[in-house]
Amino acid sequence: MRFSKMLIPTLREVPADAEAISHILMLRAGYVRQLAAGLYIFLPLGWRVLAKINAVLKQEMEAIGAQEVSMPILHPAEIWQQTGRWDAIGDEMFRLKDRTGRDMCLGMTHEEIMTWLASREIRSYRDLPQTWYQIQTKLRDEARPKSGVLRTREFIMKDSYSFDADENGLEKSYQLHGEAYHRIFKRCGLKFYQVESDPGMMGGATAHEFMAPSPAGEDEVALCSICGYAANVELAISVPPEIKFEDWQFEEIHTPEKRTVQEVSSFLKLKPEYFIKSILVISENGPVLALVRGDQELHEKKLTKIIGTHRPAQKIEVKEILGVEAGFIGPMNQKIRVVADTTLKEGIYVSGANKPHYHVKGIKPRRDFNAEWHDIHIAKDGDRCAKCGNRLRIEQCIEIGNIFKLGTKYSIPLKAVYLDENGNEKVIIMGSYGIGPARIAAAAIEQNNDKDGIIWPKSIAPFDVEILPLNMKDAKTIEIAEKLYKDLTKKGIEVLMDDRDERAGVKFKDADLIGIPTQIILGEKNLKEGLVEIKDRRTKGAVKAKVEEVAANIKS
RNA sequence: CGGGGCGUAGCGCAGUCUGGCUAGCGCACCUGCCUUGGGAGCAGGGGGUCGGAGGUUCAAAUCCUCUCGCCCCGACCA
């Protein structure tokens, strides 16, 4: 491909709206343009990268026996009503009516439609297992699109769905996908982790996410490098650092105007970990007092799993329900439900005295108050691994893929059943597995860039090689450039030739920005000796090679 | 949806507080000359409903009201 003929609108300056590195570089290097919030145009270079990624996805999907299909993006409401998700999902679903007034929606995922198909076409255990996948557009009316192509309202997704006769079959399909995903992300040149994740609205018991570490990511994962424990902080369990307790006597202490843990902590000159933080929330079944250690944060989602949906209590409510102003509430003598973090089971603590401007020192959990004990704190960097006791670290990550064991959540309501060997009707067991190609591209950039621009992993670069004929007015340069272009292309190597009549500096800057892994530089002086330079984008290291040996030096 | 910021040429910005000549700068773009190993130089040129609507005023990019859009933080997130 010739640069002069291709739409590659590079930008010298950083666009004001972009913040994430991948977003800035995709815009600057001419890979994407934004149409509106969360809607992106993929320009020729960007589209080539996605095509490369999709090719890897297809290969690895076919390798585990998955079959590609194409699904409608416009769905009738009825199917989503049958699984309950028409009502369960809120504003995130794009809804519309057709001309007859029939309710429709735009597909945000395809469990319903895939299951509908399975329910009609799968009859017998002989038809199983099946795995179907597609690489298509999904639409979600995201509350907050952000970070370029990382969170958009319309995006391409590779989603596959497995249909098995029983749990063992599902386990096998799940493992196959997990292994395929490892190969895919490895081939795409990404650093990534497989972590336990919250099945959430998808239902089902087991789920894992594939996470590419990057500061642009929206997720945090807890990782133990000793035993390999890896989990999204949404569900990660951890043991906060142990502390030494003093043998305090139970005593009330006057703490005028000291309300927060921090205030009381510095007032009493005691570290926050010696405090019990009491947080009042209002659940659907009434108020609940949640307790975590002073240096910990309450994990809303973990609490939700125990007490259901809830909201923080307002200041007036605290006073009405507990009879004391927030800031002086403590766990003792409470008549309402109390849920405490397991960290607090042992030790002697300080907490509110349930009396204005007083705290209590020397509180012994289980002696001075009782509670339901659960892990309800957020795992933090430096906590201990709950499995092996070693130090956990927290890393920010981009979710690039996920795998879910769905079980029968969709097959039951949509009546996806089959007859087994004995003629008994059984429900199909399902799994679903997603990958976001644009997120792979963005993660690859986040993980591979320098001050000059993108450094693509070879496998997903838009081209293999960029030829830089520095002086387009020099006949010899053009002649050799054309020859190299032809030779390399013939070998199946994808070549971009910067045939623009630009100064050398411009070509170098653009080439580095665009990030094609290998540059072949044609300078007049070198050409006089029959030499060109082969330069590695990542290392910036260059070697001189004879013109006729270039093709042999470049591996396709 | 809550909080914050921004909207002036393709891109990046100044001008707005304190209203006043033809709305400016850099880059990009077009023409010519020159130049050719890291975003050159000189000369000339084109390009603007100042996000939109309404209002105040002799006069509005600038003040007021409403509205739309985009970004960031949070909530939310198959």
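Chain naming here is simple, since letters A, B, ... match the order of the sequence lines and numbering starts at 1 in each. Please read all numbers here as calculations on a predicted model, not as lab measurements.
For rC73(B), the OP1/OP2 oxygens have a side-chain nitrogen or oxygen of Arg144(A) closer than 4.0 Å.
None of Ile21(A), Leu513(A), Ile454(A) except one satisfies the side-chain contact (heavy atoms from CB on, under 4.5 Å) rule with Asn449(A); the exception is Ile21(A). No option in Gln519(A), Lys507(A), Lys451(A), Lys535(A) other than Gln519(A) meets the side-chain hydrogen bond (donor to acceptor under 3.5 Å, both in side chains) test with Asp512(A).
Nucleotides rU62(B) and rC50(B), compared at atom P, are 9 Å apart to the nearest Å. Across the P atoms, rU8(B) and rU49(B) are found 11 Å apart, a figure rounded to whole Å. Taking atom C1' in both rC11(B) and rG2(B), one finds a spacing of 33 Å when rounded to whole Å. Using P as the reference atom, rC64(B) and rU57(B) are 16 Å apart when rounded to the nearest Å. The same atom, P, is picked in rC29(B) and in rC68(B); the two are 38 Å apart, to the nearest Å. Comparing rC17(B) with rG51(B), their P atoms are spaced 15 Å from each other, to the whole Å. Taking the P atoms as reference points, rC71(B) lies 13 Å from rG12(B), given to the whole Å. Nucleotides rC6(B) and rG46(B) have their P atoms positioned 34 Å apart, rounded to a whole Å.
A cation-pi arrangement is present between Arg2(A) and Tyr485(A) under the rule of less than 6.0 angstrom and at most 45 degrees off the ring axis.
In this entry rG54(B) has rC64(B) as its Watson-Crick or G-U wobble partner, both defining distances falling under 3.5 Å. With a cut-off of 3.5 Å on both Watson-Crick or G-U wobble distances, the partner of rG26(B) is given as rC11(B). Partner assigned to rG48(B) is none, using Watson-Crick or G-U wobble distances below 3.5 angstrom. In this structure, rC70(B) and rG5(B) make a Watson-Crick or G-U wobble pair, each of the two defining distances being under 3.5 angstrom. Across all strands shown, nothing is found opposite rG19(B) as a Watson-Crick or G-U wobble partner with both distances under 3.5 Å. Base pairing of rG32(B) is made with rC42(B), judged by Watson-Crick or G-U wobble geometry with both donor-acceptor distances under 3.5 Å.
Taking the six-membered ring for Trp and thresholds of 30 and 60 degrees, His110(A) and His75(A) have ring planes more than 60 degrees apart, a perpendicular arrangement. Taking the six-membered ring for Trp and thresholds of 30 and 60 degrees, His177(A) and Tyr433(A) have nearly parallel ring planes, at less than 30 degrees apart. A perpendicular orientation is assigned to the rings of Tyr40(A) and His23(A), their planes being inclined by more than 60° (bins at 30° and 60°).
As judged by a 4.0 angstrom heavy-atom cut-off over every strand, Asp512(A) is placed among the base-contacting residues. Here Ala36(A) lies in heavy-atom contact (under 4.0 Å) with sugar-phosphate atoms only. At the heavy-atom level, Glu218(A) lies nowhere under 4.0 Å from the strands shown. Residue Ser147(A) is in sugar-phosphate contact alone, with no base atom involved, counting any heavy-atom pair closer than 4.0 Å across all strands shown. Counting any heavy atom pair closer than 4.0 Å across all strands shown, Arg28(A) reaches a base atom.
Evaluation of atom-type donor-acceptor distances gives no pair under 3.5 Å for the side chain of Glu524(A) against the base of rG37(B). Judged by distance alone with a 3.5 Å cut-off, no donor-acceptor contact links the side chain of Asp17(A) to the base of rG69(B). Below the 3.5 angstrom threshold, one finds no donor paired with an acceptor across the side chain of Arg140(A) and the base of rC77(B). Remark: the Asp510(A) side chain and the rG39(B) base include a donor-acceptor N/O pair separated by less than 3.5 Å. Taking only distance into account, the side chain of Asn471(A) never meets the base of rG37(B) through a donor-acceptor pair shorter than 3.5 Å. No hydrogens or angles were tested; on distance alone, nothing pairs the side chain of Arg12(A) with the base of rG38(B) as donor and acceptor under 3.5 Å. Put simply, the side chain of Glu533(A) and the base of rG37(B) share a donor and an acceptor less than 3.5 Å apart.
Rounded to whole Å, atom P of rG69(B) lies 21 Å from atom NZ of Lys146(A). Summarising the geometry, the separation between OH on Tyr40(A) and P on rC70(B) is reported as 10 Å, rounded to the nearest angstrom. Across the protein-nucleic acid pair, Leu527(A) atom CG and rU36(B) atom P stand 16 Å apart, rounded to whole Å. At whole-Å resolution of the value, NZ in Lys507(A) and C1' in rG39(B) are 13 Å apart. As a whole-Å value, the separation of Glu502(A) CD from rU35(B) P is 17 Å. Distance, Glu142(A) CD to rG74(B) P: 15 Å, rounded to whole Å. Here rC77(B) presents its C1' atom at 12 Å from CG of Asp141(A), a figure rounded to the nearest Å. Atom CG of Asn526(A) and atom P of rU36(B) are 17 Å apart (whole Å).
Of the candidates rC70(B), rG12(B), rG37(B), the closest approach to any side-chain atom of Phe508(A) belongs to rG37(B). Taking every side-chain heavy atom of Lys301(A) into account, rC77(B) is the closest of rC77(B), rC13(B), rG26(B). Distance from the side chain of Lys473(A) is smallest for rU36(B) among the nucleotides rU36(B), rC72(B), rG37(B). Nearest nucleotide to the side chain of Gln34(A), out of rC71(B), rU36(B), rG38(B): rC71(B). Closest contact between the side chain of Val506(A) and the listed nucleotides rA40(B), rC70(B), rG38(B) involves rA40(B). For Pro15(A), the listed nucleotide lying nearest its side chain is rG12(B); candidates were rC70(B), rC27(B), rG12(B). Side chain of Ala143(A), nearest nucleotide from rG38(B), rC76(B), rC11(B): rC76(B). Taking the side chain of Arg503(A) as heavy atoms from C-beta on, and the options rG38(B), rU36(B), rC71(B), the nearest nucleotide is rU36(B).
Using a 4.5 Å heavy-atom threshold, the side chains of Met108(A) and Leu139(A) count as separate.
Rounding to the nearest 0.5 angstrom, the gap separating the NZ atom in Lys172(A) from the CG atom in Asp164(A) is 9.0 Å.
Residues Asn471(A) and Thr477(A) bring no donor and acceptor atom of their side chains to less than 3.5 Å of each other.
Nearest-nucleotide mapping onto RNA chain B: of Leu470(A) and Ala37(A), the residue sitting toward the 5' end is Leu470(A). In terms of position along RNA chain B, the nucleotide closest to Gly148(A) lies nearer the 5' end than the nucleotide closest to the other residue of the pair Gly148(A) and Met108(A).
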